[in-house]
2 protein chains.
Amino acid sequence: MQASIDTRQRIVNAAKTRFHSRSYGDVGVKEICDSAEVQKGSFYHFFPSKRDLAIAVIEEFADDWATGFIAEAFDPKLPPMERFDYLIDAAYFWQKAARDIQGHLPGCLFGNLALEISTQDDILRAKLNAVFIMAKKRIMETLDEAVAEGSVEPLDSENSAEAMLAYLEGLILLAKTQNNPDVIHRLGKAIKSIRIETNSL
Amino acid sequence: MQASIDTRQRIVNAAKTRFHSRSYGDVGVKEICDSAEVQKGSFYHFFPSKRDLAIAVIEEFADDWATGFIAEAFDPKLPPMERFDYLIDAAYFWQKAARDIQGHLPGCLFGNLALEISTQDDILRAKLNAVFIMAKKRIMETLDEAVAEGSVEPLDSENSAEAMLAYLEGLILLAKTQNNPDVIHRLGKAIKSIRIETNSL
DNA sequence: ATCATAGTTGACCGGTCAGTCTAATGCAAG
DNA sequence: CTTGCATTAGACTGACCGGTCAACTATGAT
């Protein structure tokens with residue numbers, strides 16, 4: 001059926017933007033249905049529960065993220081370390097655009113959800129963690145390339161990558177708390193100074 | 001009156017632990033009242049709304065934090081840069097202890113609340129931001145001391161302090177997502193490598 | 001044409017939400 | 001003893017929550 005795929009997608013789309021700009025707990029199923037112009041019954045035809053919708057949202061958003069935001073920033077044509085400048089830039093412009101439209105800086109959907117629900121739902125937590133692992137891998141590969149290329153001294157690329165990811169999430173957290181995207185630009189450059197040395201066993 | 005002060009305090013205490021280990025949205029007024037052994041009427045005698053309770057919780061927790069956690073870590077008797085090791089250590093042990101008791105790593109109350117409600121309530125957001133500004137100041141002072149002492153090359157201490165705070169919050173976010181306090185230890189040492197240079201105008 | 005099935009509708013469920021209200025307390029000052 | 005006020009008790013409100021259900025429609029295969 002045609003309409004059905006569309007219906008499911010409309011639900012996920014409506015949920016995506018709402019979960020991102022508000023929170024999981026604050027957005028009700030009814031509100032999502034209304035905005036997607038779908039009835040409650042149809043919602044529960046596609047999703048056994050609100051939680052399952054959250055899983056779908058995380059998966060789709062992770063995909064959008066990997067093929068959009070991340071893929072653009074980690075352009076293999078760019079010198080490895082320059083990609084981090086693009087990453088910070090992309091984060092800045094994304095947050096700024098959202099803030100200019102909605103009036104509030106939404107932050108990172110994954111970070112938001114992680115802090116909201118990871119003490120309450122281990123499966124959702126694991127899904128979110130998987131997204132972060134994926135991002136970490138991309139950073140790590142970039143770091144490895146930079147080392148191979150000679151533009152960075154050898155380091156513990158896995159831990160350094162994770163530390164850089166933590167920093168990025170932290171920046172976005174502060175930017176959201178200040179409702180000001182400039183934080184990302186102002187502090188972003190320091191991401192390249194984060195290093196964890198290889199453990200000399 | 002004696003009991004009244006105690007009642008108010010019991011409400012705040014019950015809310016503090018619950019907001020921290022779950023979320024603002026997920027914890028209801030009834031649950032807080034039950035656990036504080038207080039009636040709804042008493043609750044609304046002391047707090048006009050749940051939101052006002054949140055304000056009280058943030059204020060009290062900020063106080064606990066400043067006089068406990070932060071004051072211990074930023075011990076003026078320690079060499080300035082060593083204080084950051086203590087900070088990371090304190091964060092690690094706190095999160096680990098909470099995880100061992102509750103089964104879930106609670107993260108930072110301020111970070112949690114910031115991501116959950118700062119798009120929905122500007123006053124709460126400002127309160128949270130004030131807590132971060134206070135923490136930033138403590139870090140900045142420490143950095144300034146280190147520079148004065150000669151153990152650190154001159155830098156933009158205000159922005160560097162903010163960047164270090166972002167990193168700490170990011171670490172705790174990842175630790176929560178993995179439900180594993182080790183992240184804090186594993187990546188914590190890099191906090192001292194974060195630097196933002198003075199803008200040479 | 002007919003039948004199974006996917007999708008849709010909207011009324012409906014019990015429970016819980018934040019918040020209200022009135023009446024009963026306990027206590028302190030006059 | 002009494003008056004007055006802060007506090008507490010707990011029943012209650014209406015709205016909303018996530019979720020269910022039985023009836024209905026559209027479609028594609030036989």
Side-chain angles (χ1 to χ4, degrees), chain A residues 1-58 60 113 116-125 127, chain B residues 1-58 113 116-124 127:
Chain A
M1 227 183 222
Q2 245 13 24
S4 74
I5 294 165
D6 192 60
T7 300
R8 201 195 119 99
Q9 198 54 55
R10 283 210 312 278
I11 294 170
V12 174
N13 288 346
K16 232 191 283 189
T17 59
R18 276 166 176 75
F19 287 164
H20 191 193
S21 66
R22 307 234 294 285
S23 72
Y24 175 73
D26 193 57
V27 178
V29 173
K30 184 181 184 309
E31 181 185 341
I32 292 166
C33 289
D34 288 350
S35 100
E37 293 180 291
V38 157
Q39 299 295 352
K40 264 270 186 80
S42 295
F43 179 98
Y44 282 97
H45 175 71
F46 291 102
F47 302 100
S49 72
K50 184 186 174 186
R51 201 191 79 125
D52 291 275
L53 170 64
I55 291 172
V57 166
I58 292 169
E60 275 216 13
L113 287 176
E116 183 181 357
I117 54 182
S118 64
T119 54
Q120 298 170 59
D121 190 316
D122 271 331
I123 287 158
L124 247 18
R125 184 180 60 71
K127 283 264 169 205
Chain B
M1 230 185 222
Q2 245 12 24
S4 73
I5 294 165
D6 193 59
T7 300
R8 201 196 119 101
Q9 197 55 53
R10 283 209 314 278
I11 295 171
V12 173
N13 289 344
K16 234 192 281 189
T17 60
R18 275 164 176 76
F19 286 163
H20 191 194
S21 66
R22 306 234 297 286
S23 72
Y24 175 73
D26 194 56
V27 178
V29 172
K30 184 182 184 310
E31 182 186 340
I32 292 166
C33 289
D34 287 350
S35 100
E37 292 179 290
V38 155
Q39 297 297 354
K40 268 268 183 79
S42 297
F43 180 98
Y44 283 98
H45 173 71
F46 291 104
F47 301 100
S49 73
K50 185 185 174 187
R51 201 191 81 126
D52 291 277
L53 170 64
I55 291 173
V57 166
I58 293 168
L113 287 176
E116 183 181 357
I117 55 181
S118 64
T119 54
Q120 298 170 57
D121 189 316
D122 270 331
I123 287 158
L124 248 18
K127 282 262 169 207

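Within every chain, numbering begins at 1; the chains are lettered A, B, ... in the order of the sequence lines, protein sequences first and strands thereafter.
- When the nucleotides D:dG19, D:dT7, C:dG19 are ranked by their closest atom to the side chain of B:Phe46, D:dT7 comes out on top.
- Closest contact between the side chain of B:Ser42 and the listed nucleotides D:dT8, C:dG7, D:dG18 involves D:dT8.
- Ion pairing between A:Arg22 and A:Glu116 fails under the 4.0 Å rule for side-chain N and carboxylate O.
- Of the listed nucleotides (D:dA9, D:dG18, C:dT8), D:dG18 has the atom at the smallest distance from the side chain of A:Val29.
- Of the candidate nucleotides C:dT8, C:dG19, D:dA9, C:dT8 has the atom nearest to the side chain of A:Thr7.
- Minimum atom distance to the side chain of A:Tyr44 is reached by D:dT20, of the listed C:dT8, D:dT20, C:dG19.
- Nucleic acid contact for A:Gly41: base, since at least one base atom lies under 4.0 Å from a heavy atom of the residue.
- Between the side chain of B:Lys40 and the base of C:dG19, a donor-acceptor pair under 3.5 Å is found.
- When rounded to the nearest whole Å, the span between CD1 of B:Ile11 and C1' of D:dA9 equals 13 Å.
- A heavy-atom distance below 4.5 Å is not found between the side chains of A:Gln39 and A:Phe43.
- Between the CG atom of A:Asp26 and the C1' atom of C:dC17 there is a distance of 13 Å, rounded to whole Å.
- Picking from C:dA6, D:dA9, D:dT7 the nucleotide with the shortest atom distance to the side chain of A:His45 gives C:dA6.
- Other residues, nucleotides and ligands contribute only 12 or fewer heavy atoms inside 6.0 Å of the NZ atom of A:Lys127.
- Under a cut-off of 6.0 angstrom, the local environment of CD in A:Glu37 is sparse, with at most 12 non-hydrogen atoms contributed by other residues, nucleotides or ligands.
- The nucleotide whose nearest atom lies closest to any side-chain atom of A:Lys50 is, among D:dG19, D:dT8, C:dG7, D:dG19.
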